Amino acid sequence: MTLEALVGVRIGALDLQATVSAQPGELVAIVGPNGAGKTTLLRALAGLVRLHSGRVAVDGQVIEDVEGRISTSPERRPIALMFQDGLLFPYLTATQNVAFGLRARGVPKRSATERADAWLARVGLADRGSSRPAQLSGGERQRVALARALITEPRLLLLDEPFASVDASARVDLRHLLRDQLSLYSGMRLLVTHDPLEAMALADRVIVLEQGRVAQSGLITEVTARPRSPWVATMLGLNLFRGVATATGLDMAGTTIAALSDVRGQAFAVVHPRAIALHRSRPEGSPRNVWRGEAESLDRDRDRVRVSIAGPIPVVAEVTPAAVAELGLGVGGAVWVSVKATEVQVYAE
Amino acid sequence: MTGRRPPLLLLIPAAGALALILVPLAGLLGHVPWTTLLTQITSNQVGSALLLSLECSLLAVAVALVLGVPLAWTLARTSFPGKALVRALVTLPMVLPPVVGGVALLLAFGAHGFAGQALAHLGITLPFTTAGAVVAETFVAMPFLIIAVEAGLRQADERYEEAAATLGAAPWMRFWRVTLPLIAPSLAAGAALTWARALGEFGATITFAGNLPGTTQTMPLAVYVALESDTDGAIALSLVLLVVSLGVLIGLRHRWLGATG
Amino acid sequence: MSWSRSTTSAAVVLGALGASACGSSSTSSSSPSTGSGSSATSTPDALNGGVTVLAAASLTEAFKDAKTKLEAAHSGLTLTYSFGGSQALVTQVQNGAPADVIATADTATMQKLVDGGLVAAPSTFVRNKLEMVVAPGNPKNVQGLADFARTDLKVILEDPSVPAGKYGRQALAAQGVTAKPVSLPLDVKSELLAVEQGNADVGIVYVTDVSSAGSAVSGVTVPDSQNIVAKYPIAVVEATKNHGAAQAFVDAVLHGAGQQALLARGFLAP
């Protein structure tokens, strides 16, 4: 079981061109900023948006091919979509909602109801079958939506921001439930989220979508270690630089950050904020990268303070509150920055 | 929901609005010939006019539902050239004096009308028949249904239909099991308005379907005829029409609109 | 009130659509000479100011002709008409409608106003006879009232509550003819439209109705021996604020330019 899709869609300002693939049992997260085309990608796979170009194949069966003039209507695709806000039918009970897909496939009412109730029990809502969506909490609604999507045993399950409409307290429970249920499900799964942490918690592989294009894709560990887009780096809290790798370091239009690397040519470099040292005056000693900057903002994040520093190379540093006090650092204050060349990770583009 | 007290600035015109409706009603009730009322309203003619009115108005609602809901759906969910014009044309029977509507129907569906001649080949005659009364009432009342249902469809979230599609529901099932239940309140309100309008229809009916007791003489026509000779009788008939329609509308409200407040 | 208004609008619309010969302009061009001649009888011009007249719908064309003539001859006169069913007009006067003159199509309705002391003694100003109305050229070959019993004809009769309907039934009953009408319209114009559009084959209306419908329909004469003559009464409304002008209008309808206009439209002299 595989998904092979090349999705080309143009809607308004969005020009989506993305290649997506998934293997059986795999959960692929699609992350990216708002407006990147994540939801449109799912809707195109589900058949709710027509492709302008490309093709979609599930298990080798072509369900849409623009050149081959093949297009399968949504109800005939082996694909289920769990919508961001659940979209439970408000006039049906939880059981009737879950049974909907079976009834649509002609399963008799009685057996559809029995199977729906069994599914509600699986998602921990055995006693809520006769409740209407308005009587359920946000988390409960998403559980019903999950049961409704999985009961038809789709070969591909699309999840669009399943936690977005759930408050933080219920999110952890729902995430556990989702992980448990998805582990029992043998099909392929695509999860859309704007939260990389959520992706890391659930996904095997990640596709980063920015402005309609795949900016990066790969295993979670790969992407977190070697981000290839400013958005990913920012979401992970890393400093990302792009330039030309030379014998001395990474050259960024005249400014060079020193590094030890065999990589040559177009390359990225990443520096962890904790690897950046701040000083009251110009530091003595070994660091190869030293420059003077100005603190732009200071943000307390648990036991650390993230300091954005403007200068020849803009960076974010992460230091302890004690260090901030010792430096007497405030917004607009001058500060010396130093980074060891060994802390600069360079990798080819 | 909450027992909020409205500001005086709203309360005064609100009371005025209610008075405008209730004062003429009181005028009617003040002249009801209570002593002869029973004999007036149990006469054969009243019975047949009332039955005919109910039959015609309910059939008009049925026709309006079967034809009007698909048109409302088309207006709300599709785009085609000239849609604004079509939407304006749909509301035409509401602004057209009903008598003119009746004349228009007569000119089109009459024995010399192009549609009437076509129907005659099928053995169908509309003018001066009960079917004609249904057509006249539908013509005048259907816009109320179309407007209410179209508004309901515009407000309904189309993504529910998409959700149904991804769950395997084909277009007809989506319409039947998702779209219609979603707009049920608009549908019920539209049908009730349509029925009320059809029940009170006078001008188009008398012009197109004529005025023949038992065949096309509905209650409003019977009231009008009675007014020519016997004011007491007319008032008695009006009272019957009023009580029946009020009863049905209140009943519908409880049954369909959830009786809020 | 909405009822009476809808009949008026019905009459106007149906008149405009149904009758092709509504041309009052041809008669109005010759009106000034006859108009001034008749007004000379009432030397100090009493026909002055605003006069509101409630009139039976069948008088519409003739009264409009009269308005053209009278207003041309009396520069200070403004005539306002409200046409409707006779009973509706009576109800309006009973409920205090601000009218100066009322003219109905039968004496029974007018009598209600006399009984109520709402009008002064009415005078008959014209008479009208019944005539059978058929499609142009009489394709169904209607010969007389006896044909109303034919089963191959779609018969239409006005409702008995309307004068023409009442008299039509009386005429048929006198000949022992039983008719099964397809509809009982409440005004002449609806009946004419039904015949004109082929939805009915034969009906009974006034001779004036046939002549005002022009070529849209044909008439078949009802012999005088079988005919019923309707008397149209006119009266000044007691509550009028312009009694002199109201009486002068009644006089013009009885003897002057108004009477001429009525005769020109086929009404019979009283």
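All figures in this text were calculated on a predicted structure; none of them were measured in a lab.
When every heavy atom of Ser183(C) is checked against every heavy atom of Gly210(B), the shortest pair comes out as OG-CA, 2.9 Å.
The structure places CG of Leu106(B) at 8.5 Å from OG of Ser190(C), a figure rounded to the nearest 0.5 Å. Put simply, OG1 on Thr207(B) and CG on Leu193(C) are 8.5 Å apart, with the number rounded to the nearest 0.5 Å. The structure places NZ of Lys180(C) at 11.5 Å from CG of Leu212(B), a figure rounded to the nearest 0.5 Å. Atoms CZ and CD, from Phe109(B) and Gln197(C) in turn, are 13.5 Å apart once rounded to the nearest 0.5 Å.
Tested against Val225(B) for a side-chain contact (heavy atoms from CB on, under 4.5 Å), the candidates Asp159(C), Val162(C), Leu184(C) yield a single pass: Asp159(C).
Contact annotation: the side chain of Leu186(C) approaches that of Ile206(B) to within less than 4.5 Å [non-hydrogen atoms, C-beta and beyond].
Environment of NZ in Lys231(C): sparse, with no more than 12 heavy atoms of neighbouring residues, nucleotides or ligands closer than 6.0 Å.
Chain C is approached within less than 4.5 Å, heavy atom to heavy atom, by Gly110(B), Ala111(B), His112(B), Pro127(B), Phe128(B) from residues 110-129 of chain B, ordered by number.
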